[in-house]
Protein chains: 2
Amino acid sequence: MSVDSKQINKLLGEHKIRPTKIRKAIAGLLFDGRDKHVSVDDVIALARARDVKTSVASVYNTLNQFAAAGLLRRIAVDGGRAFFDTNLSDHHHFYFEDEERLEDIPGNAIEISGLPKLPKGRQIKSVDVTIRL
Amino acid sequence: MSVDSKQINKLLGEHKIRPTKIRKAIAGLLFDGRDKHVSVDDVIALARARDVKTSVASVYNTLNQFAAAGLLRRIAVDGGRAFFDTNLSDHHHFYFEDEERLEDIPGNAIEISGLPKLPKGRQIKSVDVTIRL
DNA sequence: ATACTTTTTAGAATAATTCTAAATTGAGAA
DNA sequence: TTCTCAATTTAGAATTATTCTAAAAAGTAT
Ligand SMILES: [Mn+2]
Ligand SMILES: [Mn+2]
Ligand SMILES: [Zn+2]
Ligand SMILES: [Zn+2]
């Protein structure tokens, strides 16, 4: 829960992201050891709640940079807003349609078999399973 | 390929959709026996190509109504635009990221096992598998 | 044809996101 | 330190997808 500034610097450094003030602040909000699925608005609200002063554009910039660097995984589940997942392990999701909320499916429960042969010259980037509830 | 007007009327009737002129025209563009994954812009282009005069709002209205009635399945694969799938069978998709295009995964190849127990009081609305390439 | 309801439509509005270009920050050099 | 310059941040404009509004057109029933 308490986020060590050293850890954050290390994390950003390892991903070749310059540890600026707002990047560290947003990283601190997100990487607290808990798995999260946040929208841009969630992050803006988190920032406000902790008196991190920033702009909407910077939140977009930062989340996009983190996703590009592999610090976050972007998930598109419905039209409208994107979610960013702090859980980078190979896993799948429940989507609660009425709450517009994602939740990790526990463990490595799901097995997918019978993957078809791929169109030639293609390779899998990811396999996404979403169970809508 | 040639779309019988009688069939279209029957199809719409069975789904309790009044067979108006533009609904029949759009149904005719979509339900030709081939499986399709179309965006709103695709439908507008198809309509233009066949001299079906309509409006953007009507295309949205019609596709949404068809989806609500179960004549189309709406698929959200990335942010941005929605796709509407004319293939109503239980199936999954390849998504070609560079082309922003969906393709059905042939047959009932994919099997999913190890579905976790659901949060209480919930039931599955759908299980969506997307293989990104 | 008349009356009434539903649909269609152009354009305005909204929402999520990206872009622009100016101000600020920050890292290294002097 | 102060200077320099590139990288970052930001407010607001722009873009894109979609929905809304409210007036006109079409469809249905009498
Ligand atoms: Mn997945
Ligand atoms: Mn959008
Ligand atoms: Zn997750
Ligand atoms: Zn399909």
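Every chain is numbered from 1 and lettered A, B, ... according to where its sequence line falls, protein lines coming before strand lines.
- The phosphate of C/dT9 has OP1 or OP2 within less than 4.0 Å of a side-chain N or O from B/S55.
- If you check the side chains of A/S39 and A/D41, you find no donor sitting under 3.5 Å from an acceptor.
- For B/R122 and A/E99, the salt-bridge test passes: some basic side-chain N is under 4.0 Å from an acidic carboxylate O.
- Atom C1' of nucleotide D/dT10 and atom CG of A/N64 are separated by 16 Å, given to the nearest angstrom.
- Contact check, A/Y60 against C/dT17: a side-chain N or O comes under 4.0 Å of OP1 or OP2.
- Considering only side-chain atoms of A/K21, the nucleotide from C/dG26, D/dT19, D/dT9 that sits closest is C/dG26.
- The interatomic distance linking B/I17 (CD1) with C/dT6 (P) rounds to 15 Å, in whole Å.
- Nearer to the 5' terminus of DNA chain D, by closest-nucleotide assignment, is the contact made by B/R74 (compared with the other of B/R18 and B/R74).
- Look at CG on B/D78: it is 16 Å from P on D/dT16, rounded to the nearest Å.
- Residue B/Q65 contributes atom CD, which lies 13 Å from atom P of D/dC20 at whole-angstrom precision.
- The phosphate of C/dT8 has neither OP1 nor OP2 within less than 4.0 Å of any side-chain N or O from B/N61.
- B/T20 has no side-chain polar atom (N or O) that falls below the 4.0 Å cut-off from OP1 or OP2 of D/dG27.
- Defined by atom type and a distance below 3.5 Å, a donor-acceptor pair is present between the side-chain atoms of B/D85 and B/H91.
- Comparing D/dT28, C/dT17, D/dT8 by their nearest atom to the side chain of A/R23 picks out D/dT8.
- In this entry the distance linking CZ of B/R81 with P of D/dT15 reads 18 Å, nearest Å.
- Along DNA chain D, the nucleotide closest to A/K53 and the one closest to B/F83 are compared, and the more 5′ of them pairs with A/K53.
- Here B/T54 reaches the OP1 or OP2 of C/dT9: one of its side-chain N or O atoms lies under 4.0 Å away.
- Between the C1' atom of D/dT9 and the CG atom of A/L63 lies a distance of 15 Å, rounded to the nearest Å.
- In this entry the distance linking NZ of B/K24 with P of D/dA26 reads 14 Å, nearest Å.
- Between B/H93 and B/H37, the ring planes are perpendicular. Angles over 60° get that label, and only those under 30° would be called parallel.
- Ranking C/dA16, D/dA17, D/dT19 by closeness to the A/D41 side chain, first place goes to C/dA16.
- Minimum atom distance to the side chain of A/A57 is reached by D/dA11, of the listed D/dG27, C/dT9, D/dA11.
- In this structure, A/I22 places its CD1 atom 13 Å from C1' of D/dA7, rounding to the nearest Å.
- For A/R81 and A/D42, the salt-bridge test fails: no basic side-chain N is under 4.0 Å from an acidic carboxylate O.
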